[in-house]
Asks: 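Would you mind keeping the following structure in view while I ask a few things?
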Amino acid sequence: MFPSGLNGEHVLQALGIALRKEEEQWKPVFPRTGCGEEVSDMERDKTARWLVQLSQAFDFAPETYVLAVALTDRVAQHVKIRPKYLQCVAISCLYIAAKTLEDDEAIPITLDLVQKSQCGCSVSEVLRMELVILNTLKWNVKIVTAIDFLHLIHTVLMWRFPHLLSGLENMSPSRHLALLTRKLMTCLGHATLACERPSIVALSLISLELEQICQHWFSLFIMVQTVTKLQVENNQFISCRERMAWVLSQHGQLVSGYQLKSITTMKSKKRKVDYSESDNIYDGIKRLYEDNGSSAEKCSLTKRGSCASEMHQEMDEVHPFIHTVAAV
């Protein structure tokens, strides 16, 4: 049980709710060539990268950026967006996402948003576009995104295998989640991955990361998939995973450069493991099960048997399956 009252069962329940929402909300997205007056995938990707810069400039959370991109894509599914209106739609979606997820004091006034973003729109145009988008989406803007699934699946992974990162230098659950989040933001800047189900995108990203950490990563991945009850078709998963690997390699982010701790440190931790380290890793999923908007409480990992023994009882070492990939 986590100190905040969040335990594994609560996380699995939240994951089940997210999967049901995804089933209701998600619709296939087809490639757009930009024929006629419709926005192309290339223009969409350029705008997504622009939103990353704006999110950083306004100090928005990654969840806000991911929701803004998802809303922009949803609007494009309902109506054909002309290229000259794309930035206005995107900045309006970012504003809606900020109002949905950010604290009140972090939300800029419309004039500041327009001036600092240099979007080329007036305040009145942004406000009108905001209303058009809300009406188009029937005011249903709190949709489940890939970052929601990433946080939930990562939480399950740390819950079931709390020793997974113990053999790595300078790597805690919160740092690991931050690393995955940066990679996810890169991936969602490409329409080829944004068109996939959010759950598959998150699952593919975690599988690529497990491959760098664990020698028996596939067995661990299957266990996580079984626990989370994520049903994924093999061909679809493999295709998404390969495209994601290509995208991350193009940005120099495929190899994470994990470093294995020294053998002396590993042996000392085998004799006595410190479970007192706390990590504020669950605030990204608090909105899925809390409505009060209060700051996330820090959660320490529960003392459990080593993940190696959970996977292979015949292996009596603490981290027999960790296989580190050094930075290239």
Asks: Is there a donor-acceptor pair under 3.5 Å between the side chain of E43 and the backbone N or O of P83?
Replies: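 No: the side chain of E43 does not pair with the backbone of P83.
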Asks: Is L188 reachable from M42 through a run of hydrophobic residues whose side-chain heavy atoms are each under 4.5 Å from the next?
Replies: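 M42 and L188: separate clusters.
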Asks: Report yes or no: do S239 and R243 form a side-chain donor-acceptor pair below 3.5 Å?
Replies: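 Judged by distance alone, the side chains do pair up.
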Asks: Is any side-chain heavy atom of L210 closer than 4.5 Å to one of L164?
Replies: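 Yes, side chains in contact.
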Asks: Determine yes or no for a side-chain-to-main-chain donor-acceptor pair under 3.5 angstrom, with Y95 supplying the side chain and P108 the backbone.
Replies: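 Pair found, side chain donor or acceptor close to backbone of P108.
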Asks: Could you check L179 against Y258 for side chain to side chain contact (heavy atoms under 4.5 Å, CB included), going step by step and ending with a plain yes or no?
Replies: CA-CA 11 Å; L179 172 66; Y258 296 112; 3.5 Å; yes
Asks: Relative to the ring of W217, is the ring of F221 parallel (under 30°), tilted (30 to 60°) or perpendicular (over 60°)?
Replies: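 Rings of F221 and W217: tilted, as their planes differ by 30° to 60°.
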Asks: Is a donor from one side chain sitting under 3.5 angstrom from an acceptor on the other, for E63 and T145?
Replies: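 Per modelled atom types, E63 and T145 side chains form no pair under 3.5 Å.
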Asks: When you look at CG of N235, are more than 12 heavy atoms from neighbouring residues, nucleotides or ligands closer to it than 6.0 Å?
Replies: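 For N235, atom CG is not crowded (no more than 12 foreign heavy atoms under 6.0 Å).
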Asks: Do L113 and F58 come within less than 4.5 Å of each other through their side chains, counting heavy atoms only?
Replies: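 Touching, per the 4.5 Å side-chain cut-off.
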Asks: So do the side chains of L177 and T155 get within less than 4.5 Å of each other, counting heavy atoms only?
Replies: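 L177 does not reach T155 side chain to side chain.
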Asks: Measuring from I153:CD1 to L205:CG, what's the distance to the nearest 0.5 Å?
Replies: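 One gets 9.5 Å once the value is rounded to the nearest 0.5 Å.
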Asks: Could you check if a side-chain atom of T181 sits within less than 4.5 angstrom of a side-chain atom of H151, using non-hydrogen atoms only?
Replies: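 Contact flag for T181/H151 side chains = yes.
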Asks: Give the minimum heavy-atom separation between R241 and S207, together with the two atoms involved.
Replies: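 Smallest heavy-atom distance, with atoms named: NE-OG, 2.8 Å.
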Asks: The test is side chain to side chain contact (heavy atoms under 4.5 Å, CB included); show your working for L152 and V156 and say whether it passes.
Replies: CA-CA 6 Å; L152 286 165; V156 172; 5.7 Å; no
Asks: Is there a side-chain contact between P62 and M185, using heavy atoms and a 4.5 Å cut-off?
Replies: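 Result yes, sub-4.5 Å side-chain heavy-atom pair found.
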Asks: Does one hydrophobic cluster hold both I81 and V132, with members joined at side-chain heavy-atom distances below 4.5 Å?
Replies: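 No, no single cluster joins them.
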Asks: Take a 6.0 Å sphere around NZ of K99 and say whether it holds more than 12 heavy atoms from other residues, nucleotides or ligands.
Replies: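 Result for NZ/K99: enclosed.
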Asks: Hey, is CG on N234 packed in by over 12 heavy atoms from elsewhere, all under 6.0 Å?
Replies: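 Counting other residues, nucleotides and ligands, CG of N234 stays at 12 neighbours or fewer.
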Asks: Is it true that R44 and E38 have a side-chain N and a carboxylate O under 4.0 angstrom from each other?
Replies: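 Looking at R44 and E38, the cut-off is not met.
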Asks: Determine whether L19 and S199 make a side-chain contact, defined as any pair of heavy atoms from C-beta on separated by less than 4.5 Å.
Replies: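 In contact.
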Asks: Calculate, to the nearest 0.5 Å, the distance between atoms CD1 and CG belonging to I213 and L260 respectively.
Replies: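 Going from the CD1 atom of I213 to the CG atom of L260 covers 11.5 Å.
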Asks: Do the side chains of F237 and M244 join up, straight or via other hydrophobic residues, at under 4.5 Å, putting them in one cluster?
Replies: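 Same cluster: F237 reaches M244 through Ile, Leu, Val, Met, Phe, Trp or Tyr contacts under 4.5 Å.
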Asks: Kindly give the heavy-atom pair with the smallest separation between A202 and F149, and that separation in Å.
Replies: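 Residues A202 and F149, closest heavy atoms: CB-CB, 3.7 Å.
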Asks: Answer yes or no: is there a donor N or O on one side and an acceptor on the other, between the side chain of Q25 and the main chain of V144, under 3.5 Å?
Replies: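 Present.
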Asks: Quick one: pull up CD in E125 and CG in L127 and give me the separation to the nearest 0.5 Å.
Replies: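 Reported value, rounded in 0.5 Å steps: 10.5 Å.
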Asks: Kindly determine whether V141 and I133 satisfy side chain to side chain contact (heavy atoms under 4.5 Å, CB included), including the steps that lead there.
Replies: CA-CA 9 Å; V141 297; I133 292 172; 5.8 Å; no
Asks: With distance as the sole test, does R197 use its side chain to make a donor-acceptor pair with the main-chain N or O of W26 at under 3.5 Å?
Replies: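 No: the side chain of R197 does not pair with the backbone of W26.
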Asks: Compare every heavy atom of T47 with every heavy atom of A90, then report the nearest pair and how far apart it is.
Replies: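 Closest approach of A90 to T47, heavy atoms only: CB-CG2, 3.4 Å.
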Asks: Can you see which heavy atom on L208 is nearest to which on A245, and at what distance?
Replies: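 Closest pair (atom of L208, atom of A245, distance): CD1-N, 4.0 Å.
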Asks: Write down the atom of A68, the atom of A97, and the distance for their closest heavy-atom approach.
Replies: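 Heavy atoms of A68 and A97 come nearest at N-CB, 3.8 Å.
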Asks: Of all the heavy-atom pairs spanning V69 and A48, show the shortest one and how long it is.
Replies: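 Minimum heavy-atom contact is CG2-CB, 4.5 Å.
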Asks: Start with the C-alpha distance between K183 and L254, add both sets of side-chain angles, then the distance that settles side chain to side chain contact (heavy atoms under 4.5 Å, CB included), and finish with yes or no.
Replies: CA-CA 8 Å; K183 291 188 176 187; L254 179 59; 5.9 Å; no
Asks: Is there side-chain contact between H190 and T192, with heavy atoms separated by less than 4.5 Å?
Replies: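 The answer is yes, as the side chains (C-beta and beyond) meet within the 4.5 Å cut-off.
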Asks: Find the distance between SG (C195) and CG (D41) and round it off to the nearest 0.5 Å.
Replies: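 Output value for this atom pair is 8.0 Å.
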Asks: Measure the spacing between CD of Q236 and CG of L203 and express it to the nearest 0.5 Å.
Replies: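 These two atoms lie 11.0 Å from each other.
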Asks: Side-chain heavy atoms nearer than 4.5 Å, only ILVMFWY residues, links allowed to pass through others: does that put M171 and L220 together?
Replies: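 Linked within one cluster.
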Asks: Rounded to the nearest 0.5 Å, what separation is found between the CH2 atom of W50 and the OG atom of S55?
Replies: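 Rounded to the nearest 0.5 Å, the CH2-OG separation comes to 10.0 Å.
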Asks: Answer whether the closest heavy-atom distance between the side chains of M158 and H154 falls below 4.5 Å.
Replies: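 Yes - at least one pair of side-chain heavy atoms lies under 4.5 Å apart.
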Asks: Check the surroundings of atom CD in Q77: do more than 12 heavy atoms from other residues, nucleotides or ligands lie under 6.0 Å from it?
Replies: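 Yes, the 6.0 Å shell around CD holds more than 12 heavy atoms from other groups.
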Asks: Are M129 and L131 in one and the same hydrophobic cluster, where Ile, Leu, Val, Met, Phe, Trp and Tyr link if side-chain heavy atoms are under 4.5 Å apart?
Replies: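 M129 clusters together with L131.
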